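Here is the structure we will look at.
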Protein chains: 2
Amino acid sequence: MVECKQCLSTSEVVKAGFLRGRQRFYCKTCQLHFTVELPAALPQKTARQTTIIDIAKSLGVAPSTVSRALNGSTDINSLTRQEILRVANEMDYRPNLLAQSLHRGETHTIGVVIPNIERPFFAGVLAGIQNVATEAGYRVMICQSNESHSTETLNVQALIASRVDGLLISHSKETTSFEHIRLQLKKGLPIVHFDRVCSEVETAKVVQEDFEGSFALVEHLIQQGCRRIAVCAGPPQLLISQTRLEGYKAALRHYGLALDDTLIYHTEFKQSESLTALNHWLSLPEPPDGIFAVHYGNAIELLVELKHRKIQIPAEIAIVGFGDELIAELIEPSLTVFHLFPFEMGETAASLLIDNIIHRHTFSPITKKMRGELRIRQSSMRL
Amino acid sequence: MVECKQCLSTSEVVKAGFLRGRQRFYCKTCQLHFTVELPAALPQKTARQTTIIDIAKSLGVAPSTVSRALNGSTDINSLTRQEILRVANEMDYRPNLLAQSLHRGETHTIGVVIPNIERPFFAGVLAGIQNVATEAGYRVMICQSNESHSTETLNVQALIASRVDGLLISHSKETTSFEHIRLQLKKGLPIVHFDRVCSEVETAKVVQEDFEGSFALVEHLIQQGCRRIAVCAGPPQLLISQTRLEGYKAALRHYGLALDDTLIYHTEFKQSESLTALNHWLSLPEPPDGIFAVHYGNAIELLVELKHRKIQIPAEIAIVGFGDELIAELIEPSLTVFHLFPFEMGETAASLLIDNIIHRHTFSPITKKMRGELRIRQSSMRL
DNA sequence: ATACCTATCGAAAACGTTTCCGAAAACGCT
DNA sequence: AGCGTTTTCGGAAACGTTTTCGATAGGTAT
């Protein structure tokens, strides 16, 4: 009935169960188990990218020779190389970066985690990152945390799974635990924080002049005659929120103004929160005569609402904000801001990281501070 | 002097040149060439991510068993699996996606090529893409062409080298040849065009209501009493520019207005070009009483400049634009626009692509058109 | 010729997975 | 016991590179 694969006899072959749907046999003389193969489904060739092996076969040389030709090794005859390069070009050969990376143990890719790609600030940072990364031969993989801690952790894990050579991260506003960062740091992954940094982990960092900018804005309000300055602060758990609030307090202290807790309102970077803040402030026995919004979006929102309520800006209430976009200049009255340079921040962070990747051993976790710029516009010019 | 590696005799060994810096020998009896090995530099263990092999060794099982445990195969004892999962978790195992992808022949990554990540429209599209991609278990790799054709070609090649499973692309304004796309399409790579599409290649496409939107905007201007409507058109080589211009012309024709070539001005999406256009129009014997800006940025620029010159909007000149952002609503007068939905466009394009990837065989190159919305604001309300 | 040397190539291992195939042990039934 | 069956595991190949090592053919000096 059935031939043994070894001795080709049929007499000593017995059935021996099923294996993955196929009848299994046992030859008693050979003591050999075997199954009969299914009629092979035809190979179903789908179009592939051409490989080094394809080139090697088509020229009758070894794959190693092709590799040498493509990588500019000297261990190869120049005629052979020419021929190989010609064929490679002809077949539109593109090296498989997966195989290269797997072999080399490095991907030449950096991972970026940001809260939201749609915020112009982060889009600007991304552009800066891409700029220096591309220049240095690195690719960029971007993830959004959507301001969620768990998503941020998943993002980091996904980037680790892709074996990025380094990580650039700006934390979500929810993030108060940094174990996911510390874990990778311990494994030796180069990490650079930017903008929304933390003090709990020893990484290189790129920050804004959060303290100085807030101080300058509030100082400016005071110099314009404001005496009761409210602050629309950010999420209290974010370090940059805290630092900016510190700048606010320091300016008040420096100019001998009292600190009034009823003038401090914390938001979560959400829509229409600032309106609640405004209602609160206007209901006070002594309403503010100046508002400092830690987040640019809140400043615009407040400005629009003040206009809507026919409150004179800056005569009755002056307003200033942190961060800048085209709209701040075009809205009426135009908004006084502490201008940031997101593109440059991205560039700085990326070059720090790439430095960190290349000089893995001799690297110290420095902190760089980006320069900002006080841009005085109509919303605060009372004099 | 030197022992032969095989016969261990020294008498018949002679020098035989140098090989990569090392002295080479030849044993005449054995007919064997060999070199003496250098004192091996110590292994320099740098921290690595844990692999399946690490887990296998620490438990004394085969790598294949670990793989089965991690992938939920039934071919494994549940106690073994538990133990393996425990150790994997303990060692913070993350599968190496490079190795997985190399083996599977697919990366679960889609490549995106856009002109510029800082343009809010594209940032919105990206967010939409990321949204459905993440949902479907795909990663996203983003490249910017910076409006350059050669960079765009390099971008595509880089993504191909990374072996993305599919490609989403919105062309640079320079791109008039599509060989780089056709080449990959011929290799069987799923490709979806969005926004700045082309008609030269047979791919699935997602487009805006370029014709309908332009028609609606111009129709609206006409209904508001405008009779000489200028158009600030885009780069003439872009298909969407052409389509929008067609919409403009069609509306004029439909309402019996003459087409005047002096009222058509082509820009390249650059700063202050629109001012040149404005100067040109205002110097005409019969200046326009309405302006349609194909690109949103130009509309804002023109609006600001008109205000600056104390020209009444919309009384003297009404103005409308294509595309929308927060600023259009907040600027004074607020700008009438044909509102687009970039996020939804990104979602649509991504799900089309992923469909294309999964059902590679049964896929037809359909074109989807995103709905837009005419939003009438002050800049055009003359009645 | 002989001794030594260089230039150029191929074979094979390695990177970390998955999967195919089969072996061995355990199990269930007469 | 004896036979057929199932469960569970290990070995090895494969994905596409790069790199190490060594072999060979053909030099160039003596």
Side-chain angles (χ1 to χ4, degrees), chain A residues 5 14-20 22-26 28 31-35 37-38 48-56 59-71 73-81 84 93-107 161 163, chain B residues 5 14-20 22-26 28 31-35 37-38 48-56 59-71 73-81 84 93-107 161 163:
Chain A
K5 280 186 177 177
V14 295
K15 289 202 219 167
F18 274 86
L19 194 53
R20 273 168 283 265
R22 264 171 287 178
Q23 179 62 58
R24 194 158 174 255
F25 298 93
Y26 179 68
K28 291 182 191 169
Q31 300 195 333
L32 180 73
H33 286 276
F34 62 92
T35 60
E37 60 270 27
L38 303 172
R48 278 183 318 106
Q49 297 285 341
T50 76
T51 74
I52 266 187
I53 301 183
D54 297 332
I55 301 176
L59 280 172
V61 298
S64 48
T65 305
V66 178
S67 174
R68 270 189 290 259
L70 295 169
N71 293 332
S73 156
T74 55
D75 246 20
I76 191 170
N77 187 301
S78 67
L79 273 81
T80 315
R81 159 174 306 156
I84 290 177
Y93 170 75
R94 304 284 154 207
N96 186 328
L97 260 36
L98 296 172
Q100 281 189 346
S101 299
L102 181 60
H103 182 83
R104 291 210 183 109
E106 53 179 27
T107 52
R163 297 296 189 268
Chain B
K5 280 186 179 179
V14 294
K15 289 201 217 169
F18 274 86
L19 194 52
R20 275 168 282 263
R22 264 173 287 176
Q23 179 62 58
R24 194 158 176 256
F25 299 94
Y26 179 69
K28 291 182 191 168
Q31 300 195 333
L32 179 73
H33 286 277
F34 62 92
T35 61
E37 60 270 28
L38 303 173
R48 277 182 319 106
Q49 298 284 341
T50 76
T51 74
I52 265 187
I53 301 183
D54 297 333
I55 301 177
L59 280 173
V61 298
S64 49
T65 306
V66 179
S67 175
R68 270 189 293 260
L70 295 169
N71 292 332
S73 158
T74 56
D75 243 19
I76 191 170
N77 187 300
S78 68
L79 273 81
T80 315
R81 161 175 305 158
I84 289 176
Y93 169 76
R94 304 284 155 207
N96 186 329
L97 259 38
L98 297 171
Q100 280 189 345
S101 299
L102 181 59
H103 181 82
R104 293 211 182 106
E106 54 179 24
T107 53
R163 296 297 188 269

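Quick caveat, the model's predicted, so the values are computed rather than measured. Every heavy atom of this structure was used, including side-chain atoms; hydrogens, water molecules and symmetry mates were not. Each chain gets a letter, A, B and so on, in the order the sequences are listed, and its residues count up from 1.
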Nearest-angstrom distance from the residue atom CG of A:Asp75 to C1' of D:dT20: 11 Å
Straight-line distance of B:Arg68 CZ to B:Leu70 CG, nearest 0.5 Å: 11.5 Å
Strand-adjacent residues in residues 61-71 of chain A, judged by heavy atoms under 4.0 Å from DNA chain D: A:Ser64, A:Ser67, A:Arg68, A:Asn71
A:Asn96 side chain reached by B:Arg163 side chain, heavy atoms, under 4.5 Å: yes
Nucleotide C:dA14, atom P - distance to CG of B:Leu102 in whole Å: 17 Å
First of B:Gly60 and B:Arg163 reached from the 5' end of DNA chain D, by closest nucleotide: B:Gly60
Whole angstrom value for the distance that separates C1' of D:dG11 from CD1 of B:Ile52: 15 Å
Per B:Ala99 side chain, nearest of listed nucleotides D:dT17, C:dG16, D:dT18: C:dG16
Heavy-atom pair of closest approach, residues A:Ile52 and A:Tyr93: CG1-OH, 3.4 Å
Which atom of A:Leu98 lies closest to which atom of B:Ser101, heavy atoms considered: CD1-CB, 3.7 Å
Sugar-phosphate, base or nothing in reach of B:Thr80, heavy atoms under 4.0 Å: sugar-phosphate
N or O in side chain of B:Arg48 less than 4.0 angstrom from C:dG16 OP1/OP2: yes
Contact under 4.0 Å: A:Asn77 side-chain N or O vs C:dA7 OP1/OP2: no
Closest non-hydrogen atom pair between A:Ala56 and A:Ala62, with its separation: CB-C, 3.9 Å
The helix from C:dA1-D:dT30 to C:dT30-D:dA1: angle between end helix axes, five pairs per end, rounded to 10 degrees: 40°
Rounded interatomic separation in angstrom, taking CD1 from B:Ile55 and C1' from D:dC9: 17 Å
Residue-phosphate contact under 4.0 Å: A:Gln100 side-chain N/O, D:dT18 OP1/OP2: yes
Spacing between B:Leu97 atom CG and C:dT18 atom C1', to the nearest angstrom: 13 Å
Heavy-atom pair with the smallest gap, counting every atom of A:Ala69 and A:Ile76: CB-CD1, 3.6 Å
Euclidean distance, atom NE2 of residue B:His103 to atom P of D:dC15 [Å, nearest integer]: 9 Å
Whole-Å distance separating the CD1 atom of A:Ile53 from the C1' atom of C:dG10: 14 Å
Rounded distance in Å - CG (A:Leu79) to C1' (C:dC9): 14 Å
Value rounded to 0.5 Å, distance of CZ in A:Arg81 from OG1 in A:Thr65: 11.5 Å
